[in-house]
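This report concerns only the one structure given below.
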Amino acid sequence: MKINSATQMKNFPEAASELGGDAVAEISDALRKALADVFALYLKTKNFHWHMSGKHFRDYHLLLDEHGNQIFAMTYNIAERARKIGGTTLHSISDISRHQRLKDNNAAFVTPEDMLAELRADNQDVTRSLRSIHELCERGGDVATAGLIENWIDDSERSNWFLSKIVTERLAAVEDGNT
């Protein structure tokens, strides 16, 4: 259900934001989708952390635990920011499911290499989405949300860097016959 900006502002008159109603509606909608994706990425990261196997188990298990904690830390701030500007945020697991754009992975077994490659792709998607929201915030004059997003992009890029390095090295090892 799409909520228009007038309805949203009427329902949240206590918002301290001086953003216009349209900016609040657009930015909070984008944050809601990002939050759903971040929750989906968190759960997938923890799923792969719990089901990791193979000769690099310990390293990958610890890496995904670290990444999961970093991803989960973003959720609070994304939700709080949407509320601070006068918008709404997610209400439930089914709400997450309705808004998420990342695909779940319910496979009984996924190889460590495929886990890391999938997480890298999902992290890249989240980073692209955050960049898009940053542009939306700039157009709407929401410098505070834009500033927070810059930190979230930096965190996501760090995860992308680590995952890309591992995936690239694993592909090179397979090509060289050193698996």
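Because the structure is predicted, anything quoted here is derived from the model rather than measured.
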Q: Answer yes or no: are there more than 12 heavy-atom neighbours, outside Lys33 itself, under 6.0 Å from its atom NZ?
A: no
Q: Run the salt-bridge test on Lys165 and Glu169 with the 4.0 Å N-O cut-off and return the result as yes or no.
A: yes
Q.
side chain to side chain contact (heavy atoms under 4.5 Å, CB included), that's the test. Do Met115 and Tyr60 meet it? Break it down for me.
A. CA-CA 10 Å; Met115 287 178 180; Tyr60 296 165; over 6 Å; no
Q) Going hydrophobic residue to hydrophobic residue with side-chain gaps under 4.5 angstrom, can you get from Leu35 over to Ile93? A) yes
Q.
If we check side-chain hydrogen bond (donor to acceptor under 3.5 Å, both in side chains) with Ser159, which of these qualifies: Arg120, Gln124, Gln70?
A. Gln70
Q | Side chain to side chain, Met74 and Leu41, heavy atoms closer than 4.5 Å | A | no
Q: Only pairs at least two apart or in different chains count here, so list each ring-ring contact (aromatic ring centres under 6.0 Å, His included) that has a residue in residues 72-114.
A: Tyr42-Phe72
Q. If you round to the nearest 0.5 Å, how far is CZ of Phe39 from CD1 of Ile96?
A. 5.0 Å
Q. Tell me, do Arg32 and Leu90 make a side-chain contact under 4.5 Å, heavy atoms counted?
A. yes
Q. CD/Glu118 to CG/Leu116 distance, rounded to the nearest 0.5 angstrom?
A. 10.5 Å
Q: Taking the side chain as every heavy atom from C-beta outward, state whether Lys46 and Asp65 have any atom pair closer than 4.5 Å.
A: yes
Q.
Ala107: which residues meet the side chain to side chain contact (heavy atoms under 4.5 Å, CB included) condition with it, sequence neighbours left out?
A. Asn105, Val110
Q.
Tell me which pairs pass salt bridge (Lys or Arg N to Asp or Glu O under 4.0 Å) where either residue lies in residues 86-104, with sequence neighbours left out.
A. Asp37-Arg101, Asp95-Arg98
Q. Is there a side-chain contact between Leu163 and Leu63 (heavy atoms, below 4.5 Å)?
A. yes
(Q) Would you say Leu102 ends up clustered with Leu43 if hydrophobic residues are merged whenever their side chains have heavy atoms under 4.5 Å apart, either directly or through other cluster members? (A) no
(Q) So which atom in Ile71 and which in Thr45 form the shortest heavy-atom distance, rounded to 0.1 Å? (A) CD1-OG1, 3.6 Å
Q: Would you check if the side chain of Asn123 reaches a backbone N or O of Leu119 as a donor-acceptor pair within less than 3.5 Å?
A: yes
Q: Check the pair Thr145, His134 against side chain to side chain contact (heavy atoms under 4.5 Å, CB included), reporting the backbone distance first and the verdict last.
A: CA-CA 8 Å; Thr145 303; His134 189 277; over 6 Å; no
Q | Asp155 and Arg158 ion-paired at < 4.0 Å | A | no
(Q) Main chain of Trp152, side chain of Ser156: is a donor-acceptor contact present, judged purely on distance under 3.5 Å? (A) yes
